[in-house]
Peer 1: 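Handing you this structure, nothing more for now.
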2 protein chains.
Amino acid sequence: MKNTIADIAKIVGVAKSTVSRYLNGGSVSDVTRRKIEQVIKDTGYIPNSFAQSLKAKKTSMIGAIVPRLDSFSASQTVTGMDEELRQNGYQLLIVNTNQNLSREIEALYDLARQKISGIILFATEITQAHLTAVEEIGIPVIFLGQQHQKVYSIIYNDFAAGYDIGQYILTKGHRKIAYLGVTEKDEAVGLQRKLGFQKAVKEQEKAEVDFFESGFRMSAAVEAASGILDGLDRPSAIVCATDNIALGVMKAAHMRGIQIPKDLSVTGFGGYEVTEMIHPGLTTVKYGYWDGGCLAARQIIRLVHEESVDSLTVLHYEFMERESVDNVE
Amino acid sequence: MKNTIADIAKIVGVAKSTVSRYLNGGSVSDVTRRKIEQVIKDTGYIPNSFAQSLKAKKTSMIGAIVPRLDSFSASQTVTGMDEELRQNGYQLLIVNTNQNLSREIEALYDLARQKISGIILFATEITQAHLTAVEEIGIPVIFLGQQHQKVYSIIYNDFAAGYDIGQYILTKGHRKIAYLGVTEKDEAVGLQRKLGFQKAVKEQEKAEVDFFESGFRMSAAVEAASGILDGLDRPSAIVCATDNIALGVMKAAHMRGIQIPKDLSVTGFGGYEVTEMIHPGLTTVKYGYWDGGCLAARQIIRLVHEESVDSLTVLHYEFMERESVDNVE
DNA sequence: CTGAAAGCGCTTACAG
DNA sequence: CTGAAAGCGCTTACAG
């Protein structure tokens, strides 16, 4: 249970190096091989990976730093990443920062200490500390979800998606619209989606838009929606920055007997599976989170192998028209 | 960037041991301390954790082996676990087996090789191979979600919850019921919930129940539900083994113009956040996944410290009555 | 408070 | 094919 390569070498009656060679697929005679096999099986010997890594000076581990695990996007992305990584012989080490920015920085250094080969950071906000850390640790890092010129980045095209949603809502005849977003500190979700939406709005003179902010949780959205819905001048459509927020808005509407889409149109962002199951189906933008995870994995592997990688990759999205938006004449 | 304790010792002009002592909070004079501090900062020295662990012969890592990450229960549990672990100075290493039983076994050995201090396994099916592995690796293991006498286990009271749901449905007057479950290989979700439900049914002579099986995905549930809904003799209620399945059933019903709960009652298991947001709200049983994760973390830490732990812990649940079940007279 | 030395468990040229 | 030896980067008694 607690034996080393020396122990089993002694039992078999060979040198440590022979056992090591056996373990690493080096040349060993058939007789010796069989003996070693047997003894390893009998003793239940398990190599100490620290000692291995200490010599090898690297691991086959890739670190993922995520702000949270309990979100659709995060879990999908991580799953795709994990799949791809394993197929290439890498192991994924996930660090959950619980939306704490300074923990991201710590995690960066932590992972470096553990001689992780590469790191994928699910970015929300990029600070100077991030950039400094990335530079200091000297191992490949990819930002997923946000971009920065100095770091390899993979992003979803949030601006374009926001623009599409905006155009769609306007095409449907809505002129009094509420945009329920999240903090602009989140560059992609908070800012880019809104900016894209705003661009569409600016192209339509008559549109009147009020902007509101919500937290990410459904319960926060229910509350934020209440303020909008109980106002005197209720909008005909609420554009939400995430599907979760849209779900909260739908709930708040339902609690007031407001029918969707007849009395109120709603859109989301994300394309969570559940948005297709509910009634009415939520019109939203679907991101390929799983694919994003896969791609990030492939790129980090290339980087580890010192192969070239595009410094910025923009991922596709899909507009999903369902039943939550009505025509307004 | 690539310096060792020897490098920085040389620069400072002291012995490696002094630097090591500094790093580990041993006694070092103020002057030396300051010099070392400076040099470490300048050089960006990061200790090699392999070398550290090789001596220390243990890590402060706990492994979690999970069948999948992209489920509400898994992500909630992992998040709770992670929180508790970090607060106690442990790091969580998550291994996703993607519902592949043999990968669970591999993961057990893998983690042992990495000198993980303890392992929490999100169990669905327990085989002899599991038991053998647990024994061979000789480090603390906790099964979460399934029980076995030979291993520390934490379970949700699925049997009792199934019984409650059964009783509730019967009290509401339903006599023709469909139970849409999952494979019995999943002892907790597939078997115990059904068994509890069956017990309730047996206490009510007139009840007529048909049993069906579905996959775990919403889309699989939509399909499975279709078979039930399109049959000649449609039940007045469908009891689903998970909330996801219930969501799929609701979708399938909606697609056919079947109203819930007027034409069809539906229940779930799980208590996913979204079940409260949809309309009608889903009557279900809510498990404290986050708490379960926390508790598992606390227990594995006790085990690592060689403190005693109950061999079986049964977690609470909460019956959530909402609007998806109608009275039948 | 500080340093020299041994050792953690493995791998890797280098001889044979 | 096999073995002796050095070394990976750190920690830890043991002296001083």
Side-chain angles (χ1 to χ4, degrees), chain A residues 1-37 39-40 43-61 109-117 137-139, chain B residues 1-37 39-40 43-61 109-117 137-139:
Chain A
M1 207 132 291
K2 223 161 175 19
N3 27 32
T4 75
I5 206 171
D7 296 329
I8 92 115
K10 189 186 298 174
I11 300 180
V12 181
V14 295
K16 292 190 307 177
S17 25
T18 307
V19 180
S20 175
R21 235 176 275 118
Y22 162 81
L23 255 15
N24 296 292
S27 47
V28 180
S29 75
D30 259 20
V31 199
T32 328
R33 174 187 311 283
R34 238 162 328 219
K35 277 198 221 151
I36 298 181
E37 239 154 32
V39 174
I40 285 185
T43 55
Y45 166 69
I46 298 178
N48 179 327
S49 67
F50 293 129
Q52 292 180 149
S53 305
L54 182 55
K55 281 302 286 187
K57 291 203 164 181
K58 55 150 204 135
T59 59
S60 49
M61 283 213 240
Y109 289 106
D110 256 26
L111 292 176
R113 194 134 35 79
Q114 293 180 54
K115 300 298 177 225
I116 289 278
S117 301
I137 61 179
I139 54 183
Chain B
M1 208 132 291
K2 206 119 199 48
N3 26 32
T4 75
I5 207 172
D7 297 329
I8 92 116
K10 190 186 295 172
I11 300 180
V12 180
V14 294
K16 292 190 308 178
S17 26
T18 306
V19 179
S20 175
R21 236 176 274 118
Y22 162 81
L23 254 16
N24 295 292
S27 47
V28 180
S29 75
D30 260 18
V31 198
T32 328
R33 175 186 311 283
R34 241 164 323 220
K35 276 198 220 151
I36 299 181
E37 240 154 32
V39 174
I40 286 184
T43 54
Y45 167 70
I46 298 178
N48 180 327
S49 67
F50 293 129
Q52 293 181 149
S53 304
L54 181 56
K55 282 301 287 188
K57 292 204 163 181
K58 55 149 204 132
T59 59
S60 49
M61 283 212 239
Y109 289 106
D110 256 26
L111 292 176
R113 194 135 36 79
Q114 294 182 52
K115 299 299 177 226
I116 290 279
S117 301
I137 61 178
I139 54 183

Peer 1: Identify which nucleotide among D:dC1, D:dA13, D:dG9 has an atom closest to any side-chain atom of B:R21, counting heavy atoms from C-beta outward.
Peer 2: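 From the listed options, D:dA13 comes nearest.
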Peer 1: Can you identify which nucleotide, out of D:dC10, D:dT2, D:dT11, has its nearest atom closest to the B:Y45 side chain?
Peer 2: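 Of the candidates, D:dC10 comes closest.
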Peer 1: Both distances under 3.5 Å, Watson-Crick or G-U wobble: report the partner of D:dA13, or none.
Peer 2: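 None - no nucleotide pairs with D:dA13, as no candidate has both distances under 3.5 Å.
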Peer 1: Roughly, in whole Å, what's the span from CZ in A:F50 to C1' in D:dC8?
Peer 2: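 So the CZ-C1' distance, A:F50 to D:dC8, works out to 15 Å.
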Peer 1: Taking only the side-chain heavy atoms of B:S17 (C-beta and beyond), determine which of D:dT12, D:dG3, C:dA6 contains the nearest atom.
Peer 2: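 The answer is D:dT12, which lies nearest to the side chain.
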Peer 1: Between atom CG in B:D30 and atom C1' in C:dT2, what is the gap in whole Å?
Peer 2: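 B:D30 atom CG is separated from C:dT2 atom C1' by 15 Å.
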Peer 1: From the set C:dT11, D:dG9, C:dC1, return the single nucleotide nearest to any side-chain atom of A:S20.
Peer 2: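 Minimum distance to the A:S20 side chain belongs to C:dT11.
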Peer 1: D:dC8 P sits how many Å from B:I46 CD1, rounded?
Peer 2: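 That distance rounds to 19 Å.
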Peer 1: Give the nucleotide from the list C:dC10, C:dT2, D:dT2 with an atom nearest to the side chain of A:V28.
Peer 2: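 From the listed options, D:dT2 comes nearest.
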Peer 1: Specify the separation, in whole Å, of atom OH of B:Y22 and atom P of D:dT11.
Peer 2: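 One finds 13 Å between P of D:dT11 and OH of B:Y22, rounded.
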Peer 1: Check the distance between D:dG7's C1' and A:K16's NZ and give it to me in whole angstrom.
Peer 2: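 It is 11 Å, rounded to the nearest whole Å.
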Peer 1: May I have the distance from B:I5 (atom CD1) to C:dT2 (atom C1'), rounded to whole angstrom?
Peer 2: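 B:I5 atom CD1 is separated from C:dT2 atom C1' by 14 Å.
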Peer 1: Starting at CG of B:N48, measure out to CZ of A:R113 and round the result to the nearest 0.5 Å.
Peer 2: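 Answer rounded to 0.5 Å: 10.5 Å.
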Peer 1: Roughly how many Å is it from NZ in A:K10 to P in D:dT2, rounded to a whole number?
Peer 2: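 The distance from NZ of A:K10 to P of D:dT2 comes to 20 Å, rounded to the nearest Å.
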Peer 1: Identify whether any heavy atom of B:S29 sits under 4.0 Å from a base atom; if not, whether one sits that close to sugar-phosphate; answer base, sugar-phosphate or nothing.
Peer 2: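 Answer is sugar-phosphate: B:S29 comes under 4.0 Å of backbone atoms only.
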Peer 1: For D:dA4, which nucleotide is its Watson-Crick or G-U wobble mate, given both distances must be under 3.5 Å?
Peer 2: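 Because no pair has both required distances under 3.5 Å, D:dA4 counts as unpaired.
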Peer 1: For the side chain to side chain contact (heavy atoms under 4.5 Å, CB included) test, which of A:N24, A:V19, A:T18, A:L23 pairs with A:R21?
Peer 2: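 For A:R21, the side chain to side chain contact (heavy atoms under 4.5 Å, CB included) test succeeds with only one of A:N24, A:V19, A:T18, A:L23, which is A:T18.
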Peer 1: From C-beta outward on B:N24, which listed nucleotide comes closest to its side chain: C:dC10, D:dT11, D:dA4?
Peer 2: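 From the listed options, D:dT11 comes nearest.
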Peer 1: Is it true that a side-chain atom of A:S20 and a backbone atom of A:K16 form a donor plus acceptor pair closer than 3.5 Å?
Peer 2: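 Side chain of A:S20 to backbone of A:K16, a donor-acceptor pair under 3.5 Å: no, none is there.
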Peer 1: To the nearest angstrom, how far is B:Q114 atom CD from C:dG9 atom C1'?
Peer 2: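 Between C1' of C:dG9 and CD of B:Q114: 16 Å.
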Peer 1: Are A:K10 and A:D7 close enough for a salt bridge, meaning some N to O gap below 4.0 Å?
Peer 2: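 Answer for the salt bridge query: no.
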Peer 1: State which of C:dC1, D:dA4, C:dG9 makes the closest approach to the side chain of B:T32.
Peer 2: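 In terms of side-chain proximity for B:T32, the closest of C:dC1, D:dA4, C:dG9 is C:dC1.
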Peer 1: Does the A:T43 side chain pair with the main chain of A:V39, one donor and one acceptor, at a distance under 3.5 Å?
Peer 2: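 The answer is yes, because a donor-acceptor pair under 3.5 Å joins these two groups.
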Peer 1: State whether A:Q52 places a side-chain N or O below 4.0 Å from either non-bridging phosphate oxygen (OP1 or OP2) of C:dG9.
Peer 2: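 No, outside the criterion.
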Peer 1: Categorize A:S49 for me: base, sugar-phosphate, or nothing, with a 4.0 angstrom heavy-atom threshold over every strand shown.
Peer 2: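 Counting heavy atoms under 4.0 Å across all strands, no contact is made by A:S49.
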